[in-house]
Amino acid sequence: MDAARNLPDILSAEFAADPYPAYQVLRDEAPLLWHEGMRSYVISRHADVMRAFKDDTFTTDNYEWQVAPVHGHTILQLSGREHAVRRALVVPAFRGGELRRTFLPVIERNARELIDGFRSTGSVDLVDAFARRFPINVIVDMLGLDKADHDRFQRWYGTVVDFLGNLSGDPEVTAAGLRTREEFAAYLIPIIRERRGRLGDDLLSTLCRAEIDGARMDDEEIKAFCSLLLAAGGETTDKAVGSLFANLLRHPEQLEAVRRDRDLVGRALAETLRYTPPVHMIMRQTAAEVAVAGGVVPAGATVICLIGAANRDERFFTDPGSFDIFRPEFDGATAFTAAARHLAFALGRHFCVGALLAKTEVEVAVNQLLDAMPDLTLEPGFVPVERGVFTRGPTALPVRFSPAA
């Protein structure tokens, strides 16, 4: 195992600016790295990260200090039968049939409303005007909450994501996240109690009525799940939409292929999730001493799984440093399931429950945006820049197009 000296530092400005060269060094020279500043072990090869997601020795006990302070006790922290039952309570709302019947119209309407705000302008920043707003607006409407609260949810979303990515331990970021937990609970729990007596077709009602073998979610569990959905569902789709368009705009021949054949949207998203994943790292905690990546990690240690590095591992993918929506390794039928070859949604029992929701949102967004802007191009001279370490995506994406009449 390698020490952190003379190797890329995850907390450095150089790493934040462009982590991909550092990922290569870590995969080749330090597949198991001890990072003193974060008191964590770092793994970066595809096989090792995949094992950490599937092997029960790598637990989610770390979420007790990483996630619970801002979300409360969530499904991520459960295991065994308790996890299976709680997951079964929420999964039906995110399956294909229910998703299409109840929530696809919500997704389509929110995309259309945002696009209506700029389809006649001839220019727009896709990140600011669409990607950041779209998934949060969808979640608010899926839950059956007041559309007037969209801006409030945008603020909560930002502080929660900052809290989860606060690798350096900035106390102001921590304090803002903790305030958001209190504000979110004060807002949502009275609504949950009121909704139990007036159930509808919204997601909040679905969570309130869900029952398996007599087990139901209490108010705090529903609130925690909604808080988790706000962060996980918002950040992944936000970054995925921005990154997908950034990748396609930098590869105009592939953009043209997608424009002509919309069946390629799913492949473009799958390749974006591999090439520039929204979430670059997920943590696990070892339940026992474990040999991994040529070294040994003690019991009770935090392990940082570098998804961004694993998804570009040449030991697993052909020419991984290239963006290619026609990549032969991808099977369209499994790219958004627990059998996916990319690791953007994790794997195993904690595979992202909202993967199909994210896929549906992005497909709707891409199709509606391409319909509204069939000739979109990057603003002349603009080069997309990614930001972020824990999560990562373009900070802006100004484009030009022929305005609608």
Is the closest side-chain heavy-atom distance between [X] and [Y] below 4.5 Å?
X	Y	answer
E361	N110	no
L32	Y41	yes
L397	L378	yes
L273	P278	yes
H150	I136	no
V399	F382	no
H71	Q66	no

Worked verdict on H46 versus F317 for ring-ring contact (aromatic ring centres under 6.0 Å, His included): CA-CA 9 Å; H46 190 282; F317 293 104; 5.6 Å; yes
Indicate yes or no: does [X] engage [Y] in a salt bridge with an N to O separation below 4.0 Å.
X	Y	value
R179	E183	no
R132	D128	yes
R327	D319	no

Any idea which heavy atoms bring [X] and [Y] closest together, and the distance?
X	Y	result
A30	L7	CB-CD1, 3.6 Å
A240	T272	O-CG2, 4.1 Å
L264	A257	CD1-O, 3.6 Å
F401	L376	CB-CA, 4.0 Å
P277	G308	CG-CA, 3.9 Å
P69	F163	CB-CZ, 3.8 Å

Is a side-chain donor-acceptor pair under 3.5 Å present for [Y] with [X]?
X	Y	result
T159	D162	no
D28	Q24	yes
T59	Q285	no

Let me confirm one number: the CZ-CG distance from R216 to L207, rounded to the nearest 0.5 Å. 11.5 Å
Rounded to the nearest 0.5 Å, what's the gap from CD on E271 to OG1 on T276? Could you check? 8.5 Å
Apply ring-ring contact (aromatic ring centres under 6.0 Å, His included) to Y157 and F184, showing your working. CA-CA 10 Å; Y157 162 60; F184 189 72; over 10 Å; no
